[in-house]
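Have a look at the structure below before the remarks.
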Amino acid sequence: MPMEKYANNQLPPQLPSVTTLIPMPPPHGYFTNRRDIPSERFIPRLSDQFSFTGPNGHHRCLVGEPAGVSIAKSKEDCPNFMFPPDAARSLAAQLLLEMSYLHANGICHGELHLRNFLIRIPNFDDLSTAELYKRFRQPYMVPIRRVDEKPGSPHAPPHAIYPMAMRMPANEQDNPELIISDYGTSFMISQTTAPTLHTPALYAPPEDFFNEPITQPTAADIWTLGVSLYEVLGERPLFETFAWDRDDIVAEMVNTLGHPPSRGWNAWAKRSEFFEDDGSWVADFRRISTPVFRRLRRRLWDMGRGETELLCEWDVAAGEFRALGELLQAMLAFEPAERPSADQLLRSEYMVKWALTRVAEAEKADSAHHPDKWGALGCRRPCRTS
């Protein structure tokens, strides 16, 4: 559907149902089941635990595996804010594999965004302590002093340690491996009847904006991952607003995806500042944004991968651009019940033809060069300490 037809004032008709996302058979010669790629390896694992008793009680401490920078930091350290195309495809597949694994185990993450997606440090597990210090420098301690120059309390720490300075620019990541971190607000779906999402507003699903109960939390995760995938695959966020104003974000949803369900549309208190009842922009528009419709397809061309078929880094001729649009359109359905599950999305054309294949190829090459890298169930072997 040409976007220019609706560029100035009118919303296009409702987009096709999510049922048009047709599952694809696996490519000949590749894995026959996505479980051939161990999804649990993308989840951070606990390495140890210990307890101690202090002035504030007894504390149990959990030791997790180390990780590198977040996807957000990696993009910020990169001149063009993008991963190489194959690396981006692999990241998209890894994120969906991780979500599938969480949902299959009855867990909703509840706070997905680019700063919770961490890149593993290459060749980190085999470093000795001496090699670790040589590569990343020794810990740098600074004393802690009170501003009023009085002695510190007996339970205050005497010093602080600066965090490790690390740069992993996105454009230098040819074969990144991911883990999803920060499970502080995650919950067991079967045990949580009225969950509260802690997702940053830019990534939150529409039901959260319209104050509807989160009755399908896995669908909320799917929306959030869909918004994130656009940013992982390109250079910029899907929804672009000033200061993450919640009403501006809802307007960006409408701008990108079309008319929401009537209950949300009618419940939106500040809708009249953006749209008329028929969905056209108000004539006296005073918000800090541009009242021009820019649909999802147009935003796919604007994501930084080239704005014409000739220049695009996605395989437009073979259908990759179209398949990616169908994937994101399905994940970003306004109705939670219309969003496919993570397992269904893993069988989509985009995942099967372009994304999962990159993970499988990287796995095969990595196994050939490092046959002992993975232990049982895809677990990393513990790093050496001397």
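Numbers here are sequence positions counted from 1. What you see is a predicted model; the values in this text were computed from it and never measured.
Side chains of T218 and L102 form no contact here, defined as non-hydrogen atoms less than 4.5 Å apart. Between L114 and S70 the shortest side-chain heavy-atom distance does not fall below 4.5 Å. Using a 4.5 Å cut-off on side-chain heavy atoms (C-beta onward), R120 and I179 make contact. In this structure, H109 and M99 have side chains that are not in contact, with every pair of non-hydrogen atoms separated by 4.5 Å or more. When side chains are defined from C-beta on, L197 does not count as touching Y203, because their heavy atoms never get closer than 4.5 Å. Under the 4.5 Å side-chain criterion, counting only non-hydrogen atoms from C-beta, Y230 is not in contact with T256. F117 is not listed as a side-chain neighbour of E98, based on a closest heavy-atom distance of 4.5 Å or more.
Between R263 and E207 no salt bridge is recorded (no basic side-chain N to carboxylate O distance below 4.0 Å). Salt-bridge annotation for R89 and E313: absent, with no side-chain N of the basic residue lying under 4.0 Å from a carboxylate O of the acidic one. Salt-bridge formation is not detected for the pair E320/R305: no Lys NZ or Arg NE/NH1/NH2 atom is positioned less than 4.0 Å from an Asp or Glu carboxylate oxygen. Note on D315 versus K353: no salt bridge recorded, every NZ/NE/NH1/NH2 to OD/OE distance being 4.0 Å or above. We find that E361 and R358 are joined by a salt bridge, their nearest charged nitrogen and carboxylate oxygen being less than 4.0 Å apart. The residues R167 and E172 are annotated as not salt-bridged, no charged nitrogen and carboxylate oxygen being separated by less than 4.0 angstrom.
For L310, the CG atom is loosely surrounded, since the number of other residues' heavy atoms within 6.0 Å does not exceed 12. The 12-atom threshold is not exceeded at CD1 of I288, counting heavy atoms of other residues, nucleotides or ligands nearer than 6.0 Å. Around CE of M166, the count of heavy atoms belonging to other residues, nucleotides or ligands within 6.0 Å exceeds 12.
Here the CD1-CD distance, from I107 to Q191, works out to 10.0 Å after rounding to the nearest 0.5 Å. Note that the CG atom of L257 and the CD atom of E252 stand 10.0 Å from one another [nearest 0.5 Å]. The distance from the CG atom of L238 to the CG atom of L229 is 10.5 Å, given to the nearest 0.5 Å. Distance CZ/R287 to CH2/W281: 11.0 Å, rounded to 0.5 Å. Rounded to the nearest 0.5 Å, atoms CG (L225) and CG (L112) are 6.5 Å apart. Within the model, atoms CG of L300 and CG of L328 stand 6.0 Å from one another, a figure rounded to the nearest 0.5 Å.
For the pair R246 and F209, the distance from NZ or CZ to the six-membered ring centre is under 6.0 Å and the angle to the ring normal is within 45 degrees.
Sorted by first then second residue, the side chain to side chain donor-acceptor pair (under 3.5 Å) pairs that include residues 136-146, not counting sequence neighbours, are R146-D148. For residues 60-93, there are no ring-ring contact (aromatic ring centres under 6.0 Å, His included) pairs, not counting sequence neighbours.
M141 and I144 are assigned to two separate hydrophobic clusters, defined by single-linkage of ILVMFWY side chains at heavy-atom distances under 4.5 Å. Taken together through direct or relayed side-chain contacts under 4.5 Å among Ile, Leu, Val, Met, Phe, Trp and Tyr, F124 and L118 form parts of separate hydrophobic clusters.
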- Message: What verdict does the salt bridge (charged side-chain N to carboxylate O under 4.0 Å, His left out) test give for E240 and R299, after you've listed the backbone C-alpha separation in whole Å, the side-chain angles of each residue and the deciding distance to 0.1 Å?
- Response: CA-CA 11 Å; E240 302 182 23; R299 292 177 192 236; 5.4 Å; no
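Looking at K75, its side chain does come within 3.5 Å of a backbone N or O of G234 through a donor-acceptor pair. Listed for the S90 side chain is no donor-acceptor partner under 3.5 Å among the backbone atoms of D86. The backbone N or O of A204 lies less than 3.5 Å from no partner atom in the side chain of T224, so there is not a single donor-acceptor pair. No donor-acceptor pair under 3.5 Å is formed between the side chain of D247 and the backbone N or O of R271.
D302 pairs with exactly one of R297, R294, R295 by the salt bridge (charged side-chain N to carboxylate O under 4.0 Å, His left out) rule, that one being R294.
Taking the six-membered ring where the residue is Trp, F274 and W268 present parallel rings, their angle staying beneath 30° rather than reaching 60°. Taking the six-membered ring for Trp and thresholds of 30 and 60 degrees, F275 and W265 have ring planes inclined between 30 and 60 degrees apart.
For the residue pair S280 / D278, a side-chain donor-acceptor distance below 3.5 Å is found, with atom types taken as modelled.
Not counting sequence neighbours, the partners of F52 by the ring-ring contact (aromatic ring centres under 6.0 Å, His included) test are H59.
The two residues A220 and P205 have their closest heavy-atom pair at CB-CG, 3.9 Å.
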